[in-house]
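Side-chain atoms are counted along with the backbone in the values below, which use heavy atoms only and exclude waters and symmetry mates.
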Amino acid sequence: MESDARIADAVQLLADRSRVSMLWALAAGEPLPASELARVADIRPSTASAHLTRLVDVGWVSIEKRGRHRLVRLIRPEVIQAMEGLARIAPSGPARTFREGRLAAKVREARTCYDHLAGRRAIEVVRALERRRYLLRRGDDFELSTSGARFFVDLGIDVEAARRRRRSFSRACLDWSEREHHLAGALGAALLDRMFELRWIERIDSSRAVTFTPAGRRALHGVFGIEDGEG
């Protein structure tokens, strides 16, 4: 007979700063070389390899050999959801380096929360959609109105395909840095994908932080009706 969920074991895996750094880097959903994860965590490749072995053993990541490289992929997105939840209650502290401080600011501005947009800009987008009654809050979800569906279709998003996906359609996800809800679920993922396709956003290094391009900043104003600096 299996025992109850071993929460303490999961928390212990997340108690190491290096492992957390590597998991945050994988939160964007793209596979990364093990050497790049070592660089992100600022540890030796041999130390990174030991950490990755533990993450493979619990089924959180997979490693694929491709030539001389080992590509690491996150296979349990629930891990990132758990980390986002812990981030809401974690004590804040000063950045250890100037680079860490700059990246932390960018993460709060805009980031991927696994497969959807999070951060201050994501909250601004949701507020704009709610003002226009395109999104209506319904408990733990957002309801997409008829006019809202037309808006997303006009953006080039296949709303019906998103509805057919075997997951929540338009979930309200609590943003750890803003303490408000951004758009998650299949619709949130489709919106993030479309923003990348339109080159409205770009990734920043090997992190979950993203930045809005000049075209993206114009879209925030012209498409969503967000004034620069709103929020």
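When side chains are defined from C-beta on, R108 does not count as touching R120, because their heavy atoms never get closer than 4.5 Å. Counting only heavy atoms from C-beta outward, the side chains of S170 and E143 never approach each other to under 4.5 Å. The side-chain heavy atoms of L26 and L37, taken from C-beta on, include a pair separated by under 4.5 Å. When side chains are defined from C-beta on, E130 counts as touching F142, because their heavy atoms get closer than 4.5 Å. Put simply, the side chain of S168 reaches to within 4.5 Å of the side chain of D141, judged on heavy atoms.
T112 contributes no side-chain N or O that, together with a main-chain N or O of D115, makes up a donor-acceptor pair within less than 3.5 Å. The closest donor-acceptor contact from the side chain of H116 to the backbone of C113 lies under 3.5 Å. Of the possible donor and acceptor atoms, one in the side chain of R137 sits under 3.5 Å from a partner among the backbone N and O of G139. Counting only distance, with no hydrogens or angles, the side chain of S49 and the backbone of P45 share no donor-acceptor pair below 3.5 Å. Between the side chain of D175 and the backbone N or O of H181, no donor-acceptor pair lies under 3.5 Å.
Between the side chains of S177 and R111, at least one donor N or O sits under 3.5 Å from an acceptor N or O.
L86 and V79 fall within the same hydrophobic cluster, defined by Ile, Leu, Val, Met, Phe, Trp and Tyr side-chain heavy atoms under 4.5 Å apart, directly or through other members.
In summary, of the residues considered (I43, V40, L23), a side chain to side chain contact (heavy atoms under 4.5 Å, CB included) with S18 occurs for I43 alone.
The distance from atom CD1 of I157 to atom CE of M195, rounded to the nearest 0.5 Å, is 8.0 Å. Rounding to the nearest 0.5 angstrom, the gap separating the CD atom in E109 from the CD1 atom in I204 is 9.0 Å.
Across every non-hydrogen atom of S62 and I75, the tightest pair is OG-CG2, 3.6 Å. Of all heavy-atom pairs spanning V107 and A209, the tightest one is CG2-CB, 3.9 Å.
For the pair R217 and F212, the cation does not sit on the ring face, since its NZ or CZ is not both under 6.0 Å from the ring centre and inside 45° of the axis.
Shown here are the side chain to side chain contact (heavy atoms under 4.5 Å, CB included) partners of Q12, two or more places apart in sequence or in another chain: R54. A search for ring-ring contact (aromatic ring centres under 6.0 Å, His included) contacts involving Y134 returns F151, not counting sequence neighbours.
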